[in-house]
Amino acid sequence: MKTVKSFLQYLSDSRGYSAHTVESYRADLVAFEAFFNALDETLTWATVDRDVVRRWVVDGMENGAAPRSVRRRLSALRSFFRYQMLMGECRSNPAEAVHGPKCGKPLPAFLDERAMDRLLDDVVFAPDFAGQRDRYVLLLFYSTGIRLAELVGLDVNDVDLSARTLKVTGKRNKQRILPFGQELADETRRYLALRQQVFPAAGLPLVLGDDGLRISRSKVAAMVRKRLSAVTTMKKKSPHVLRHTFATVMLNHGADIEAVRELLGHESLATTAIYMHTTFAELKKEYELAHPWA
């Protein structure tokens with residue numbers, strides 16, 4: 001486990017990976033170690049070979065793991081052995097030549113604009129702090145397209161109301177500045193006034209939980225799931241759906257894909273391009289509904 005711990009420390013300190021990502025790597029590596037120990041108690045990280053990795057992949061598939069999950073686990077293993085080679089602990093990467101199962105790329109789930117209008121205009125939010133905070137969080141997601149971890153990590157001084165900009169710290173601690181509109185600016189002022197009234201001694205965190213401390217990821221996810229249930233029956237109801245919704249709305253209204261890439265904090269334009277397929281699918285749907293000969 002010391003070997004794994006040093007790798008995780010490297011991911012955190014040198015690569016700037018988030019605590020959530022590091023924990024994901026840790027879980028995958030611990031699971032693999034348990035697998036090869038059960039397979040043969042004489043095996044170690046230094047003696048594991050390609051066949052053992054293959055057997056782990058097959059075992060995962062046979063036990064119902066999704067192809068995407070298996071590929072993620074394999075990626076974690078490859079990264080770990082690359083680190084081991086860098087440190088001179090092993091000469092080859094037994095996971096490098098092992099191919100994960102193929103998986104399709106489903107279109108991202110998103111809400112249409114009418115559902116978002118109903119959520120923010122028609123759904124009644126309680127006038128207390130929790131109710132108004134929930135509405136603010138939903139508008140923040142929809143107006144900026146930020147990730148769950150990015151929202152939870154925001155501090156009060158990350159918001160510039162005069163310039164209407166938001167400083168966001170994304171993956172690998174990369175920062176970007178996002179613009180936002182007048183509606184979010186007004187909502188932010190109302191939220192901050194209520195926050196000061198209810199929790200006058202609160203520290204820097206922008207979004208607070210019911211205890212006055214920085215809100216947790218699980219609390220936000222549960223709230224979003226509950227609130228989206230009021231306007232949609234779609235199976236997936238997560239903060240990421242609101243991020244997908246932001247991107248889709250931007251592109252549907254003529255935003256340049258490169259601009260959307262920068263707003264979302266994607267490193268590759270290919271990652272953003274999937275939303276182009278989404279908008280085309282929506283366009284085709286509208287055409288089939290509207291054109292008499294469709």
Side-chain angles (χ1 to χ4, degrees), residues 20 109-169 177-250 252-253 263-264:
H20 178 71
F110 64 95
L111 274 72
D112 63 35
E113 292 179 58
R114 288 164 294 187
M116 287 305 303
D117 289 343
R118 291 199 306 275
L119 178 63
L120 294 170
D121 295 337
D122 300 337
V123 171
V124 177
F125 292 82
D128 59 9
F129 176 77
Q132 295 306 298
R133 176 207 57 213
D134 288 358
R135 188 181 189 281
Y136 175 60
V137 166
L138 292 167
L139 185 59
L140 193 53
F141 274 130
Y142 185 46
S143 299
T144 63
I146 58 177
R147 301 176 178 93
L148 172 58
E150 293 170 345
L151 182 140
V152 169
L154 287 174
D155 290 333
V156 173
N157 54 16
D158 290 327
V159 183
D160 186 337
L161 284 171
S162 59
R164 294 208 311 241
T165 58
L166 187 68
K167 183 173 71 175
V168 175
T169 302
I177 304 297
L178 303 179
F180 57 83
Q182 189 61 52
E183 186 170 356
L184 181 58
D186 293 341
E187 190 76 12
T188 300
R189 289 188 179 93
R190 287 191 289 270
Y191 166 74
L192 288 176
L194 184 58
R195 175 187 180 279
Q196 177 62 27
Q197 178 185 335
V198 178
F199 298 109
L204 287 176
L206 176 64
V207 183
L208 303 179
D210 298 337
D211 55 3
L213 302 176
R214 188 182 299 275
I215 199 166
S216 68
R217 294 164 60 104
S218 59
K219 172 75 174 178
V220 175
M223 180 277 290
V224 170
R225 202 159 44 241
K226 175 184 174 183
R227 295 297 186 177
L228 293 191
S229 295
V231 296
T232 181
T233 57
M234 60 191 291
K235 184 176 180 181
K236 192 171 185 180
K237 306 179 187 74
S238 69
H240 223 65
V241 167
L242 294 175
R243 178 170 163 85
H244 295 327
T245 301
F246 164 83
T248 303
V249 165
M250 290 290 291
N252 278 342
H253 285 273
L263 290 170
L264 292 173

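Judged as a side-chain hydrogen bond (donor to acceptor under 3.5 Å, both in side chains), and not counting sequence neighbours, S229 has no contacts. The side-chain hydrogen bond (donor to acceptor under 3.5 Å, both in side chains) test applied to T233 returns no partner, not counting sequence neighbours. Partners of D160 according to the salt bridge (Lys or Arg N to Asp or Glu O under 4.0 Å) rule, which considers only residues two or more places apart in sequence or in another chain, do not exist here. Under the rule for a side-chain hydrogen bond (donor to acceptor under 3.5 Å, both in side chains), T144 has no partner lying at least two apart in sequence or in another chain. Not counting sequence neighbours, the partners of K219 by the salt bridge (Lys or Arg N to Asp or Glu O under 4.0 Å) test are D210. Under the side-chain contact (heavy atoms from CB on, under 4.5 Å) criterion, T169 pairs with N173, Q175, sequence neighbours left out. Here Y191 pairs with nothing under the side-chain hydrogen bond (donor to acceptor under 3.5 Å, both in side chains) rule; sequence neighbours left out.
The distance from the OG1 atom of T232 to the CG atom of D112 is 8.0 Å, given to the nearest 0.5 Å. Atom CG of N252 sits about 7.0 Å away from atom CZ of F110, to the nearest 0.5 Å.
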- Query: For D158 and L206, what are the C-alpha separation, side-chain angles and deciding distance, and is it a side chain to side chain contact (heavy atoms under 4.5 Å, CB included)?
  - Reply: CA-CA 8 Å; D158 290 327; L206 176 64; over 6 Å; no
- Show your reasoning for whether side chain to side chain contact (heavy atoms under 4.5 Å, CB included) applies to N157 and L204. CA-CA 7 Å; N157 54 16; L204 287 176; 4.0 Å; yes
- Could you check F180 against L161 for side chain to side chain contact (heavy atoms under 4.5 Å, CB included), going step by step and ending with a plain yes or no? CA-CA 9 Å; F180 57 83; L161 284 171; 4.2 Å; yes
- Task: May I have the step-by-step check of side chain to side chain contact (heavy atoms under 4.5 Å, CB included) for M234 and L111, ending in yes or no?
- Result: CA-CA 9 Å; M234 60 191 291; L111 274 72; 3.6 Å; yes
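Scanning all heavy atoms of the two residues, the minimum distance from L184 to S143 falls at CD2-CB, 3.8 Å. Between L264 and G145 the shortest heavy-atom distance is CD2-O, 3.8 Å. The shortest non-hydrogen separation linking I215 to V152 is O-CG1, 3.2 Å. The two residues L166 and V159 make their nearest non-hydrogen contact at CD1-CG2, 3.6 Å. Nearest approach of F199 to D211, heavy atoms of both residues: CE2-C, 4.0 Å. Contact detail for P179 and L263: the closest heavy-atom pair is CD-CD2, 3.7 Å.
A salt bridge is defined here as a Lys NZ or Arg NE, NH1 or NH2 lying under 4.0 Å from an Asp or Glu carboxylate O, and D155 with R214 meets this definition.
Residue pairs meeting the ring-ring contact (aromatic ring centres under 6.0 Å, His included) criterion with at least one member in residues 139-160: none, sequence neighbours excluded. Applying the salt bridge (charged side-chain N to carboxylate O under 4.0 Å, His left out) test to residues at least two apart or on different chains, the pairs with a partner in residues 220-234 are D134-R227. Applying the salt bridge (charged side-chain N to carboxylate O under 4.0 Å, His left out) test to residues at least two apart or on different chains, the pairs with a partner in residues 183-206 are R135-E187, D186-R189, E187-R190. Applying the ring-ring contact (aromatic ring centres under 6.0 Å, His included) test to residues at least two apart or on different chains, the pairs with a partner in residues 209-249 are H240-H244, H244-Y275.
Proximity of a side-chain donor or acceptor of R133 to a complementary backbone N or O of L208 within less than 3.5 Å is detected.
The shortest side-chain heavy-atom distance between V241 and V224 does not fall under the 4.5 Å cut-off. In this structure, the side chains of L138 and M223 come closer than 4.5 Å at one or more pairs of heavy atoms. Residues V249 and H253 are in side-chain contact: their nearest non-hydrogen atoms beyond the backbone lie under 4.5 Å apart.
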Validation: residues 116-130 side-chain donor-acceptor distances under 3.5 Å, sequence neighbours left out:
from : atom 1 : to   : atom 2 : distance (Å)
R118 : NH2    : V231 : O      : 2.9
D128 : OD1    : G131 : N      : 2.9

